[in-house]
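A short worksheet on the structure shown next.
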Amino acid sequence: MNIELNNITKRFGDLVAVNDLSMSIQDGEFITLVGPSGCGKTTTLRMIAGLETPTEGTIEFDGKDVTNASPQERKIAFVFQAYALYPHMTARKNMSFALEHTDVPEDEIDQRINEAASMLGIEGHLDKRPPSLSGGQQQRVALGRSIVRDPEIFLLDEPLSNLDAKLRVQMRAELQQLHQEIKTTTVYVTHDQEEAMTMSDRVAILNDGKLQQIDTPGVVYSQPANQFVAGFIGSPSMNFLDCQLDGSSKTLRTSAFSLQAPEEASEDVETLGVRPEELTIAPSGEGDLSAEVSVFEQIGSYNILYLENDDLDEELVAQVEGSNHFDPGERVDIQIDPTHIHLFDRDGDAVYNPPLPSKE
Amino acid sequence: MSITGLQNRIVRRLRFDRSEIDWKPYLYLLPAFVMIAVFLAYPLVDTFILSFQEVVTLGIQGEKRWVGLANYEAVLTDPLFWRSAKNTIIFSFGMLVIPLFLGLGLAMVINRGIKGKSSLRALIFVPVVVPIVVAGIVFSWILSPNGLLNWGLTAVGLIERPIRFLNSIELSLPSVMLMVVWKRTGYYMVILLAGLQGLPNDVYEAAKIMGKSRWAMFRYITLPLLKPAILIVVVLGIIDSLRAFAHVYVMTGGGPSNASEILSTHFYKVAFSYFNFGKGAAYGFILFGMALVLSVIAIKLSGGSEI
């Protein structure tokens, strides 16, 4: 089912939770709303569900206006952050409750529950109550409860945030697999950019109730629309440095070094952005700038360096290969590839982004 | 010397005796032990022994005689005991059933969020803090032949002659129950409201998305999740129904002709009006046993011990 959000605004008293948001979601698409706390992502999801009504704007499902329709008329399923399971009912009862007293016959209810349970691997837990299930099992019951209703749209509100890190990664893959099997339009809310990047067909980044960018994970990472998106997507975050463009020599000047500016750079450039992985360690004396390692973080597959330079106010973060080891206090030379930089103007809008990497 | 200084000196002295046992913790526990022993353990044991004795109150010292289970037999074969028991069951509707339903209804209305809910909550809770004797006297005035209720009923033309609520065989017990309902509703409402406010909102939203009706949400979500709070109310109601005394004693004294006699007022009369201490003691233990059994049944029936 297609979802169309047309200029929706939601106010709670003086607070504007969602501000003039428009978005089109295609049938079968997995879209993630991501942003920091209070950015309006959950409110947007609740408006799609019908749990909140927009103050302004309209919501359409397959071209039909559902702005004022009740949640049950919208044929959606909603998975809550805290699962919202009924603690007094068994897992089976939790899943069948939605279908009881409807026109679905009892043997079909049983069949749907058994199918969903085997899809989610919870066949052995159907007669247990939620308090005696682990977080991951509860999450699967909550998903199963949604699947048995055979909804047109899946809405998930930070469903993995109550799980431990290892289980979160596992469930992430399971959710993707589930989406590939059932191919239902899915809107997923999270504050974790890594979840957004790994799971979605497209990512919508929100801040202060406004849509910042909506595109595929590859584009939002490589070609962020503005400085907020550039800083929010990617871990560790992009480095930002104040800079000026010398128009005559097409040179970008920061307080510590200069770089050849790309052709597209214009006079109103104010900020230079460089991803940590684009800061490479150069042989001594050959780098764009020299810096001192203040902190060395060993991750394993890659390592992170926090770097200080006396001429720079900001600390730089560099990501190096796992085989590279440094000690705090060590001096290193850094090289910046001018074709992989990002430039932003005074308002934070992107002036230049490098081209998308090709598939080869 | 300060109390702590004195304690330390005593402790040092106890140590000085080279006793193997460290008496210090026992010394700190002693005041509580003494209180419990004097005011709880001794009376309990003494009353239990008394319930198997006949006490002759004549003479300066009186006399106690062992009679076995005769006191228990006397209580259980007393027709007034059974009448009081029946009245207590009726009375428990005023103490538990009616205020439970009213309290639940009011708690749900307030929980839904209506205008002026804090004032309404306070207003409903006021009767709880009114002393029972004061409430009894005020209700006696209201219900008396020239009281407010009779005046009102006469004024609107519903009755011609005043009704003697508290002196009527049929109406005396319901009249007391009226006061009890007024006093208990707010009490239960506060307990149930606390229970309702502790229920997560998302389980209701999940039900809303499923298209469940309000009744279905109440029946299948609110009631089962509120069970612990309801259980507290039920157990309190049962115990208080058996313990209730001043409610009846102030308003009717159990009359007329024992029409409003409940177990505790009858128990009081047996022990302290007729000075039948042995039978009174047996009566007390029977009441205690009933409260215990009923509470256990209530907990078992509700299928859990999670109070």
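This one's a predicted model, so the numbers in the text were calculated from it and none came from an experiment. Each chain gets a letter, A, B and so on, in the order its sequence line appears, and its residues count up from 1.
- Of the inter-residue distances, the one linking M189(B) atom CE with F125(B) atom CZ reads 8.0 Å to the nearest 0.5 angstrom.
- Aromatic ring pairs are classed by plane angle as parallel below 30°, tilted from 30° to 60° and perpendicular above 60°; the pair F139(B) and W182(B) is tilted.
- By a heavy-atom distance cut of under 4.5 Å, not one residue of residues 84-91 of chain B is near chain A.
- The distance between the ring centers of F33(B) and Y26(B) does not fall below 6.0 angstrom.
- A donor-acceptor pair under 3.5 Å is absent between the side-chain atoms of T265(B) and the main chain of E261(B), judged by distance alone.
- To the nearest 0.5 angstrom, Q197(B) atom CD is 9.5 Å from L199(B) atom CG.
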Could you list each donor and acceptor atom pair linking chain B to chain A at less than 3.5 Å?
{"residue": "V203(B)", "atom": "O", "partner": "Y86(A)", "partner atom": "OH", "Å": "3.0"}
{"residue": "E205(B)", "atom": "OE1", "partner": "R46(A)", "partner atom": "NH1", "Å": "2.8"}
{"residue": "E205(B)", "atom": "OE2", "partner": "R46(A)", "partner atom": "NH1", "Å": "3.2"}
{"residue": "E205(B)", "atom": "OE2", "partner": "R46(A)", "partner atom": "NH2", "Å": "2.5"}
{"residue": "A207(B)", "atom": "N", "partner": "Y86(A)", "partner atom": "OH", "Å": "3.3"}
{"residue": "I209(B)", "atom": "O", "partner": "R149(A)", "partner atom": "NH2", "Å": "3.3"}
{"residue": "K212(B)", "atom": "NZ", "partner": "F97(A)", "partner atom": "O", "Å": "2.6"}
{"residue": "K212(B)", "atom": "NZ", "partner": "E100(A)", "partner atom": "O", "Å": "3.2"}
{"residue": "Y220(B)", "atom": "O", "partner": "H88(A)", "partner atom": "NE2", "Å": "2.7"}

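- Rounding to the nearest 0.5 Å gives a distance of 8.5 Å between CD1 of I31(A) and CD1 of I3(A).
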Evaluate K117(B) against V109(B) for side-chain contact (heavy atoms from CB on, under 4.5 Å), listing each step before the verdict. CA-CA 9 Å; K117(B) 72 172 184 183; V109(B) 168; over 6 Å; no
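- For Y72(B), the OH atom sits in a packed shell: over 12 heavy atoms of surrounding residues, nucleotides or ligands are nearer than 6.0 Å.
- When the shell of 6.0 Å around CZ of F93(B) is examined, it contains 12 or fewer heavy atoms from other residues, nucleotides or ligands.
- Contacts with chain A were tallied for V203(B), I221(B), I209(B), L225(B); I209(B) has the most, counting heavy-atom pairs under 4.5 Å.
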